[in-house]
**Q** 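Okay, handing you the structure first.
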Amino acid sequence: DLFRQRLSRGFGGDGPTDEGASQRFRDLLDLDRTFAAFDGGDIVGTGAAFTFDVTVPGGNPVAMGGTTMVSVQPTHRRQGVLRAMMAHHLDEVAERGEPIAGLWASESSIYGRFGFGAATFRHEVNLDTAAITLRKPEPPGRVRLVDHDDAEPILRALYERMRTVRPGMLSRSDHWWTHRRMRDDESVREDKSARRYAVYEEDGSAHGYATYRQKEEWEGFFASGEVDVIEAIAVTPEAHRGLWQFLTNIDLFTKVEWWNAPVDDPLPFEVTDPRRVQRRLWDAMWVRVMDVPAALEARSYETDGALTLRVEDAFRPATSGTYRLEVAGGEAACRRSDGEGEVTLGIDVLGHLYLGGGSAGAMAAAGRVAGSSEAVTRLHRIFRTDAAPWCPEVF
Ligand SMILES: CC(C)(COP(=O)(O)OP(=O)(O)OC[C@H]1O[C@@H](n2cnc3c(N)ncnc32)[C@H](O)[C@@H]1OP(=O)(O)O)[C@@H](O)C(=O)NCCC(=O)NCCS
């Protein structure tokens, strides 16, 4: 309980105080992966790791330590507490043999120094439904609203189908589904409706879902309600169109907000007036490569080629060195090698590139990758993927 209180206070809040809160929190934690900093008997810093598999380009699931619950009490900041906790935490991730660590950052200025780079991005989407018309043809299926108790197996099956094809998506344990995805008591609703489950079906089988909440609002006597999309997963283009047709046509709800759309989501191209799909770009999951050969060999590549990389890792110097990457038939072999390297980059930049959504060219232009323009282009082409990586949830 002290850990939970200190964590909440570290973020400036109080956390849930209802009867079950303590037990729920404990259920979510892996105690083997929970750590704290102490001053005397008091907890002044908190942190933990979730154990995930993350999908990498090509569809493989790769073990990832999910850094979470990081806080230092306001009285103890800027004295190296976070630095000490990160050293401990990343040692533990390495000992477990997880080739990467990942996190969502409260501030984008914190984690680069520890070797993390922004690897997935998201669009925050806002729509005025009156301005949105979907292009023809109308999708052939129908949207059905499913009750909370019936939704979980449908969502799980569709999420799993999507997870195998979209880099950046995380495995979800039974426990995670129950506590993080399906729990829907008052404390998680933020003054909005219960969670709704819209499922797109064709011939009796489900091809997509959107979970959302509604917030009733009036401006004078004009309805101006908001639909707040929590997660939208469509495994066919028809399901995507069908779900958005539905979400943008709920009477009395004139605004739709989707906090986390993939940056290559087709929605702007499905409507007649794409500018009306207002998008704001944010960083999402950050990745830290722990073991360069294991991580680079675990993903596949859309472009064959070979490159020698000089990787610099100030926080975990043993990872620094030169690595030879050879990709043939989309599969990589990577080993330590000698010499200078054709490109030089920080381990944080490697994290940025790892899931295929980063830009080596932009990093070189920013002075963060060194090498000939030919070598930088090769780096870019080898790492880049067609589909943007996407992480649908904060952890
Ligand atoms: C972010 C936080 C955990 C940092 O803890 P801390 O103990 O003060 O950090 P440290 O003293 O170990 O600092 C390590 C380095 O990070 C830098 N740093 C720490 N917090 C930073 C911030 N918010 N922005 C920019 N740099 C930061 C320090 O200046 C130091 O830099 P250096 O490597 O050049 O010396 C703490 O400020 C906090 O609890 N903030 C509120 C909760 C939060 O945002 N948690 C992160 C969740 S993802």
Side-chain angles (χ1 to χ4, degrees), residues 1-16 25 28-30 33-52 54 64-93 98 100-122 124 168 170 176 180 259-260 281-290 311-320 346-352 354-355 366-368 389 391-395:
D1 275 348
L2 183 63
F3 181 95
R4 192 167 68 88
Q5 284 161 17
R6 291 294 177 265
L7 170 62
S8 300
R9 197 168 76 181
F11 277 89
D14 301 312
F25 185 74
L28 199 64
L29 282 183
D30 180 347
R33 308 199 75 177
T34 303
F35 48 90
F38 291 86
D39 185 353
D42 198 9
I43 291 179
V44 296
T46 64
F50 291 125
T51 304
F52 292 121
V54 62
M64 182 179 86
T67 311
T68 188
M69 301 186 195
V70 171
S71 75
V72 171
Q73 292 299 295
T75 46
H76 287 70
R77 288 184 186 153
R78 307 303 180 271
Q79 298 168 35
V81 174
L82 174 63
R83 178 169 283 275
M85 290 198 302
M86 288 305 287
H88 163 84
H89 161 62
L90 293 179
D91 280 350
E92 192 259 354
V93 172
E98 291 167 332
I100 61 173
L103 56 77
W104 283 67
S106 61
E107 294 180 272
S108 58
S109 51
I110 302 173
Y111 290 101
R113 62 175 52 72
F114 303 123
F116 289 83
T120 78
F121 292 82
R122 65 183 172 101
E124 180 188 313
L170 307 173
W176 194 270
R180 292 291 288 249
W259 74 283
N260 184 359
L281 184 68
W282 299 102
D283 58 285
M285 186 170 70
W286 293 54
V287 163
R288 208 256 184 231
V289 175
M290 304 297 304
V311 176
E312 289 173 349
D313 188 345
F315 194 60
R316 293 178 63 81
T319 314
S320 293
I347 192 82
D348 57 330
V349 178
L350 193 61
H352 166 70
Y354 181 62
L355 292 175
R368 295 176 60 185
C391 182
E393 71 188 309
V394 180
F395 55 86

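This chain uses plain numbering: 1 for the first residue, then up along the sequence. Indexing begins at 1, ligand by ligand and atom by atom, following the structure's order. Hydrogens, waters and symmetry mates play no part in the numbers below; they use all other heavy atoms, side chains included. The shown structure was predicted, so the numbers you read here are calculated from the model rather than taken from an experiment.
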**Q** Checking contacts here: is it the side chain or the backbone of Arg77 that comes within 4.0 Å of ligand 1, counting heavy atoms only? Could be both or neither.
**A**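 It is both parts that get close, each with some atom under 4.0 Å.
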**Q** Quick check against the 3.5 Å criterion: does Ser71 have a side-chain atom that pairs as donor or acceptor with the backbone of Phe11?
**A**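 Here the side-chain-to-backbone pair does not exist.
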**Q** For ligand 1, which atoms, with element, lie under 4.0 Å from some heavy atom of Val81?
**A**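 The atoms of ligand 1 under 4.0 Å from a heavy atom of Val81 are 7 (O), 12 (O).
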**Q** Locate the shortest heavy-atom distance separating Ser108 from Trp286; write the atom from each residue and the value.
**A**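 Taking Ser108 first and Trp286 second, the nearest heavy atoms are O-CH2, 3.4 Å.
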**Q** Considering Gln79, Met85, Arg78, which one's heavy-atom position lies nearest to atom 29 (O) of ligand 1?
**A**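 Looking at heavy atoms only, the winner is Arg78.
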**Q** For atom 44 (O) of ligand 1, find the nearest protein heavy atom and state the residue, atom name and distance (0.1 Å precision).
**A**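 The protein heavy atom lying closest is Ser106 OG, 2.6 Å.
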**Q** Does a side-chain heavy-atom distance below 4.5 Å link Gln79 with Val72?
**A**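 Not touching, per the 4.5 Å side-chain cut-off.
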**Q** Are Met285 and Leu355 packed together at the side-chain level, in the sense that at least one heavy-atom pair is separated by less than 4.5 angstrom?
**A**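 Touching, per the 4.5 Å side-chain cut-off.
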**Q** Under 4.5 Å between any side-chain heavy atoms of His89 and Val70, yes or no?
**A**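 They are not in side-chain contact.
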**Q** Relative to ligand 1, is Arg83 under 4.0 angstrom through side chain, backbone, both or neither, heavy atoms considered?
**A**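 Looking at Arg83 and ligand 1, atoms from backbone and side chain both fall under 4.0 Å.
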**Q** Under 3.5 Å, N or O to N or O, is Glu107 touching ligand 1 that way?
**A**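 There is such a contact, yes.
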**Q** Going by the rule salt bridge (charged side-chain N to carboxylate O under 4.0 Å, His left out), which residues pair with Asp42 if we only count those two or more places apart in sequence or in a different chain?
**A**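 Asp42: salt bridge (charged side-chain N to carboxylate O under 4.0 Å, His left out) contacts with Arg6.
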**Q** Does the pair Phe52 and Trp176 meet the rule for a ring pair (Phe, Tyr, Trp, His ring centres under 6.0 Å), with working shown?
**A** CA-CA 11 Å; Phe52 292 121; Trp176 194 270; 5.3 Å; yes
**Q** Which residue holds the protein heavy atom closest to atom 13 (O) of ligand 1, what is that atom called, and what is the gap in Å?
**A**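 Protein heavy atom with the smallest distance to atom 13 (O) of ligand 1: Leu82 CB, 4.7 Å.
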**Q** Just to confirm my output: which protein heavy-atom neighbour is closest to atom 27 (C) of ligand 1, and how far is it?
**A**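 So the nearest neighbour among protein heavy atoms is Arg113 NH1, 4.0 Å.
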**Q** Counting heavy atoms only, which of Val72, Val394, Leu103, Thr68 is nearest atom 3 (C) of ligand 1?
**A**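 Closest candidate by heavy-atom distance is Val72.
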**Q** Output the list of atoms in ligand 1 that are nearer than 4.0 Å to some heavy atom of Gly10, sorted by atom number.
**A**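 Close to Gly10: 41 (C), 42 (C).
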**Q** What about Val70: any of its N or O atoms under 3.5 Å from an N or O on ligand 1?
**A**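 Val70 vs ligand 1: N/O contact under 3.5 Å present.
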**Q** Could any protein non-hydrogen atom be found less than 4.0 Å from atom 20 (N) of ligand 1?
**A**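 There is a protein heavy atom less than 4.0 Å from atom 20 (N) of ligand 1.
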**Q** Please find the pair of heavy atoms, one from Phe50 and one from Leu28, that lie closest to each other, and give the distance.
**A**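 That closest heavy-atom pairing would be CE2-O, 3.6 Å.
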**Q** Can you list, pair by pair, the side-chain donor-acceptor contacts under 3.5 Å of residues 80-88, counting residues two or more places apart and other chains?
**A**
none

**Q** Report the relative orientation of the aromatic rings in Phe114 and Phe315; use parallel for angles under 30°, tilted for 30 to 60°, perpendicular for over 60°.
**A**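 It falls in the perpendicular class, over 60°.
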**Q** Give the atom numbers and elements of ligand 1 that come within less than 4.0 Å of a heavy atom of Tyr111.
**A**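 Taking each heavy atom of Tyr111 in turn, ligand 1 has 46 (C), 47 (C), 48 (S) under 4.0 Å.
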**Q** I need the nearest protein heavy-atom contact for atom 24 (N) of ligand 1: residue, atom name and distance, please.
**A**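 For atom 24 (N) of ligand 1, the nearest protein heavy atom is Ser109 OG, 3.0 Å.
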**Q** Below 3.5 Å, N or O to N or O, backbone or side chain included: is there any such pair between Trp104 and ligand 1?
**A**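 Between Trp104 and ligand 1, no N or O pair is found under 3.5 Å apart.
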**Q** Ignoring hydrogens and angles, tell me if any N or O in the side chain of Ser320 forms a donor-acceptor pair with the backbone of Asp313 under 3.5 Å.
**A**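 Indeed, once roles are kept as given, a pair shorter than 3.5 Å links the two residues.
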**Q** Below a 4.0 angstrom heavy-atom separation, can you tell me which part of Ile110, side chain or backbone, both or neither, approaches ligand 1?
**A**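 Ile110 to ligand 1: side-chain contact only, backbone stays beyond 4.0 Å.
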**Q** Any idea which of Gly47, Ser108, Gly80 brings a heavy atom closest to atom 10 (P) of ligand 1?
**A**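 Result: the heavy atom closest to atom 10 (P) of ligand 1 is in Gly80.
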